[in-house]
Each structure stands twice: as structure tokens, then as C-alpha cells.
Amino acid sequence: MEIKKSLFKICLAFSWIAILLASCKKDNQSSSTDLPVVQAYLYVGHTLTVKLYQQKSLTDTAKYGAAITGQVLYVSDGSNQVKLTESAKGTYTYNDNAFLTAGKTYTLSFNYLSKEVTAKTIMPSKPQNFATQHTTVIYTRPTNVNVTSDTLNRFTWDNPDSLNHVLVFDNVDDTFIALGRATGFSNSNSNIFEMNTDRKSAYYVVSNSFPYYGTYQVILLRVNQEYINLIESNILNANSQNLLNVPTNVVNGLGIFTAMQADTLSFSLAD
């Protein structure tokens, strides 16, 4: 599977960020829908895409806030400013794939309810020398339930500057077989997951990291601190009592405007 398809699946899988932020509020703000929620993941070689949603009230049971339409969005790379086109309701794009390049700072700007909304991110360089210790790992479920998890594989990459990296594991099989089960079953909600590597240049995965046997696409993302801040927050455990000061790098808004680059490989977990 090529990186483009894998990154598209990542965006779909982690759209929970926008979903949850769409129902969040910050200190000294009411629960009315007065803030735009921004969702944008910038990748070199891909269409620049920004999605806008209304902030939901905490009592709203809808999955998403309503799409924000009819806006005029600009993104600057420090030298050139481009205007995005609304390609679908609440989705704004710029189709020149050469616009996004490593090392440049990108600034989003638009006006919403008489306020200027801005966000800024830097496009990191692509990860280098991403490698796996094993391409196939044979896993046997331990008979003793007290046995600690075994180390299954080791992934490495160059990181002399201790930059932020996230590993994403995507089981690409059509049918998922749970570790220790003999029959297959479909459960598309848990076949993709991510792990923060804590600025290291190696990561060991253990048996209880994986719910299924099968072939995994492993995507190494070099990310910025705004992305790390969000995934390290308590957003996954959020409730109506702690939806305050959710991390965001959007001024006069909520959400995330971030850039990342990726490399990918695969390995198989077999029985």
C-alpha cells in the first residue's frame, strides 16, 4: 500500500480529534457555537486541505458540529499566499501539490464572526532510514496468564535532534483474527492505532500492543509539538467536567493546523 493511501486512512481514523474538539469549550467561554473548529493535516506532495466545523454545545448529541461554509481561507508559506477553494461543504483545498515543502512555515488565516482566525505550523523534513528488525514475527499466546508481554519487534530511524515521531500501525487485512483466536471476525474500529515514541530513535513493540494477527502497515510520522500536545492531553478521557483548555494551536478557534511527513514499511504478525 502506498503512503498516500495510508495517510488518508490515518486522517479518517484520527478524525476523533475534530469530533471531540467540536464539543469542547475553553475557560470563560460559553457553550454556544461561536468558535470555528479547524482540522488540517498538511503533507508534502498532497492536496492542502482544511476542514471547518462549528463548535458544538456540550449538550449537542450530533457527531460533528455543522460544516462552516462560505469562508475565504488563505495559507501563506512566508513568500506566497494562496486562496483555498471550497471543494465540499466545510472542506477547503488548494490543489498545487508543490506548494507544501519541508522547512517552510505555513500560516492559515480567515475571518469568522468578525474575528481573524489564524494558525501556524512548520513542515518537518521526512524521516530517514526507517527500518524494522523483523519482517515477520511468529506469535504464540503464552499459556501462563501471569507471563509478561514479550517484545515482538524493534523499529528504528535516524533522530539526532530528538524530534517528535509517532508510529501508526494499520492492519490491512480484510478479516481480522484476534490474537489467540482461531476464527476471523470483522472489527474495523480497532485495526489502526498510534504510539508516541517520546523523541527517541527506536521503539520496541510488545505482544499486548496488537489486537490482531495479520499484515501491518507501519507509518512513521515526523510531527510537530502541537500534534503531540493534543494526543498527550486527556482528550480521549474527556467528559463534560474536564473539557477545559484542550490543546489547540488555532487563535480565535479550536482544533489543529499541523504538518507532518511520513515513511512506511510493513511487517506480519503470524501464528
Side-chain angles (χ1 to χ4, degrees), residues 1-20 39 41 43-46 49 63 126-143 145 147-157 159 164-198 200-223 227-228 230-232 235-237 256 258 260-271:
M1 181 185 298
E2 59 186 286
I3 292 179
K4 183 175 182 179
K5 292 180 181 178
S6 298
L7 291 178
F8 175 74
K9 292 179 71 175
I10 292 170
C11 289
L12 291 179
F14 301 142
S15 62
W16 53 263
I17 291 176
I19 295 171
L20 289 175
Q39 183 188 19
Y41 305 94
Y43 304 98
V44 169
H46 296 260
T49 301
K63 187 174 182 179
K126 185 175 180 176
Q128 299 294 317
N129 296 320
F130 184 34
T132 177
Q133 183 179 11
H134 305 293
T135 55
T136 301
V137 176
I138 305 298
Y139 171 71
T140 302
R141 186 170 183 171
T143 57
V145 295
V147 173
T148 57
S149 297
D150 296 326
T151 298
L152 293 181
N153 206 351
R154 179 175 182 260
F155 299 94
T156 57
W157 55 92
N159 195 18
N164 288 307
H165 291 80
V166 169
L167 279 171
V168 179
F169 295 85
D170 179 14
N171 188 310
V172 296
D173 290 351
D174 294 329
T175 302
F176 308 129
I177 301 177
L179 267 63
R181 292 186 58 148
T183 58
F185 64 100
S186 177
N187 186 349
S188 60
N189 291 326
S190 58
N191 67 311
I192 182 169
F193 54 93
E194 68 176 0
M195 296 177 179
N196 181 8
T197 66
D198 297 320
K200 297 176 182 178
S201 58
Y203 194 88
Y204 294 84
V205 292
V206 296
S207 55
N208 64 4
S209 301
F210 297 89
Y212 306 116
Y213 293 107
T215 301
Y216 284 85
Q217 284 295 124
V218 187
I219 304 102
L220 178 67
L221 298 174
R222 179 168 288 174
V223 299
Y227 188 81
I228 296 296
L230 196 56
I231 66 174
E232 285 188 339
I235 192 167
L236 285 178
N237 298 313
I256 188 167
T258 193
M260 54 188 71
Q261 289 220 59
D263 198 0
T264 187
L265 50 78
S266 64
F267 89 103
S268 297
L269 185 58
D271 61 2

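Fair warning: this is a prediction, and the values are worked out from it, not measured in the lab. The figures here come from the full heavy-atom set of this structure, side chains too, leaving out hydrogens, waters and symmetry mates.
When every heavy atom of Arg154 is checked against every heavy atom of Tyr204, the shortest pair comes out as NE-OH, 2.9 Å. The shortest non-hydrogen separation linking Gln128 to Arg222 is N-NH2, 4.4 Å. Here the shortest heavy-atom pairing between Phe193 and Pro211 reads CE2-CD, 3.9 Å.
Put simply, the side chain of Asp263 never gets that close to the backbone of Leu220: no donor and acceptor are under 3.5 Å apart. Judged by distance alone, with hydrogens and angles left aside, the side-chain atoms of Asn171 form a donor-acceptor pair with the main-chain N or O of Asp173 at under 3.5 Å. Side-chain N or O atoms of Asn159 include one that pairs as donor or acceptor with a backbone N or O of Lys200 at under 3.5 Å. With hydrogens and angles disregarded, a donor-acceptor distance shorter than 3.5 Å links the side chain of Thr197 to the backbone of His165.
Residues Tyr212 and Ile177 have side chains not in contact (no heavy-atom distance under 4.5 Å, counting atoms from C-beta outward). Annotation: side chain of Val223 is not in contact with side chain of Thr258 (no heavy-atom distance under 4.5 Å). Side-chain contact between Ser209 and Phe169: absent, with no pair of heavy atoms (C-beta onward) separated by less than 4.5 Å. When side chains are defined from C-beta on, Phe267 does not count as touching Leu152, because their heavy atoms never get closer than 4.5 Å. Taking the side chain as every heavy atom from C-beta outward, Leu269 and Asn153 never approach each other to under 4.5 Å. Residues Glu232 and Asp198 have side chains in contact (heavy-atom distance under 4.5 Å, counting atoms from C-beta outward).
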Quiz prompt | Thr156/Asn129 under side chain to side chain contact (heavy atoms under 4.5 Å, CB included): CA gap, chis, key distance, verdict | solution = CA-CA 8 Å; Thr156 57; Asn129 296 320; over 6 Å; no

Exercise. Begin with the C-alpha distance, continue with both residues' side-chain angles, and end with the deciding distance and a verdict on side chain to side chain contact (heavy atoms under 4.5 Å, CB included) for Phe130 and Thr264.
Key: CA-CA 8 Å; Phe130 184 34; Thr264 187; 5.6 Å; no

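Note: Tyr227 and Tyr41 have perpendicular aromatic rings, judged against thresholds of 30 and 60 degrees for the angle between ring planes. Between Phe210 and Tyr216, the ring planes are perpendicular. Angles over 60° get that label, and only those under 30° would be called parallel.
Atom-to-atom distance recorded for Asp271:CG and Leu179:CG is 8.5 Å, nearest 0.5 angstrom. Thr215 contributes atom OG1, which lies 10.5 Å from atom CG of Asp174 (distance to the nearest 0.5 angstrom).
Remark: of the listed residues Ile219, Thr132, Thr135, Thr132 is the sole one forming a side chain to side chain contact (heavy atoms under 4.5 Å, CB included) with Leu265. When Leu167, Ile231, Asp170 are each tested for a side chain to side chain contact (heavy atoms under 4.5 Å, CB included) with Glu194, only one passes: Ile231.
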